[in-house]
Protein chains: 2
Amino acid sequence: MTNELALAALGDPTRRTIFECLSDRPSAVGELAQLLPVSRPAVSQHLKVLKDAGLVVDQKVGNRRIYRLDPNGIGDLRDYLERFWGCALTTFKMKSEQKGQE
Amino acid sequence: MTNELALAALGDPTRRTIFECLSDRPSAVGELAQLLPVSRPAVSQHLKVLKDAGLVVDQKVGNRRIYRLDPNGIGDLRDYLERFWGCALTTFKMKSEQKGQE
DNA sequence: CCAGTTCGTTAGTCATAGCTTACGGTAAGT
DNA sequence: ACTTACCGTAAGCTATGACTAACGAACTGG
């Protein structure tokens, strides 16, 4: 699933930084590359991974290409993670309540 | 931060499978290895990563070593992720409401 | 039409992650 | 005490991922 791609994508620290930059404001590739300690092609490749993971969308405007976060993909990942550890957290909650009750 | 370790840890599919197995029930290393297509030492190494990330705790019982999910670490990661994309999702919500209003 | 941007893609290098095999250490059973 | 089971760690190999440099495409402005 694309959620697994998203999780793998966010495993890389550089991509997390890119994600946070885009969280601040939509940006072009060159702008992101200036903020990061890597070259512009590297940023391009990271953006491709984020795009395939459904976390980011791009839009051509004039000469440049603006990237922004994709709320749909992010929402999907959020829901996926809720189900992912929802069970573990609820059983813990049950135990803590059970313990406070005795 | 350990939250970044946790994200990197969950980036690997084998570790996600281990996580899900432990979500079902606490298990020893050998039990997990039987369910997975990798060797027992590989499982041990994955469990170490998950443990360093604060997602898992272990407990010696007799000859074996039982691993279980750590609700504290999982809760921390959950909160971290909420802050992580909280901004992106709220700005989207504002836009959708703004769009539905016009 | 011709430079100058901005960007994606490719080829190639280098480091790291994941895996297995082998070994040592501890606990339980006979 | 000896064997068996269960586990962590180290060493070594291999595949994969991240990066850079180089190239070509699309758009802009003189």
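Source: prediction; values computed, not measured. Reckoned from all heavy atoms, side chains included, excluding hydrogens, waters and symmetry mates. Convention: sequence-line order gives letters A, B, ...; per-chain numbering from 1.
For A:Asp12, taking side-chain heavy atoms from C-beta onward, the closest of the listed nucleotides C:dC19, D:dA18, D:dT20 is D:dA18. Closest approach to the B:Arg15 side chain among C:dG18, D:dA26, D:dA22 is made by C:dG18 (side chain taken as heavy atoms from C-beta onward). In this structure, of D:dC7, C:dC7, C:dG18, it is C:dC7 that holds the atom nearest to the side chain of A:Arg64. Of all nucleotides listed (D:dA18, C:dT20, D:dC7), D:dA18 comes nearest to the side chain of A:His46. Listed nucleotides: D:dT20, D:dC7, D:dT9. Nearest to the side chain of B:Pro41: D:dT9.
For B:Tyr67 against B:Leu22, the heavy-atom pair with the smallest separation is O-CD2, 3.4 Å. Of all heavy-atom pairs between A:Leu69 and A:Val57, the closest is O-CG2, 4.3 Å.
Taking atom NZ on A:Lys51 and atom P on C:dT9, their separation rounds to 8 Å, with Å as the unit. B:Leu47 has its CG atom 10 Å from the P atom of D:dC7, to the nearest Å. Summarising the geometry, the separation between CZ on B:Arg65 and P on D:dC7 is reported as 9 Å, rounded to the nearest angstrom. One atom, NZ of B:Lys60, and another, P of D:dG8, lie 10 Å apart when rounded to the nearest Å. To the nearest angstrom, C1' of D:dG17 lies 17 Å from CG of A:Leu7. Distance B:Asp58 CG to D:dC6 P: 18 Å, rounded to the nearest Å. The distance between atom CG of A:Leu36 and atom P of C:dC7, rounded to the nearest whole Å, is 13 Å. The separation between A:Leu50 atom CG and D:dA18 atom P is 10 Å, rounded to whole Å.
Two different hydrophobic clusters hold A:Val29 and A:Ile66 under the rule that ILVMFWY side chains link at heavy-atom gaps under 4.5 Å.
Between A:Ser39 and D:dC19, a side-chain N or O to OP1/OP2 separation shorter than 4.0 Å is absent. Taking side-chain N and O atoms only, B:Ser44 has no distance below 4.0 Å to OP1 or OP2 of C:dC19. For A:Tyr67, no side-chain nitrogen or oxygen approaches OP1 or OP2 of C:dT6 to under 4.0 Å. Look at B:Lys48 and you won't find any side-chain N or O under 4.0 angstrom from OP1 or OP2 of D:dG8. Here B:Arg40 does not reach the OP1 or OP2 of C:dT21: none of its side-chain N or O atoms lies under 4.0 Å away.
Nearest-nucleotide assignment on DNA chain D puts the 5′-proximal partner with B:Val29, out of B:Val29 and A:Ala42.
In this structure the side chain of B:Ile18 never reaches within 4.5 angstrom of the side chain of B:Val56, judged on heavy atoms.
Within a 6.0 Å sphere centred on CD of B:Glu20, heavy atoms belonging to other residues, nucleotides or ligands number more than 12.
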Trace of the side chain to side chain contact (heavy atoms under 4.5 Å, CB included) decision for B:Arg78 with A:Leu81: CA-CA 8 Å; B:Arg78 207 185 81 100; A:Leu81 288 177; over 6 Å; no
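A donor-acceptor contact under 3.5 Å is not formed by the side chain of B:Asn63 with the base of C:dA28. Contact of B:Gln45 with C:dT20 (side chain to base): a donor-acceptor pair of N or O atoms is detected under 3.5 Å.
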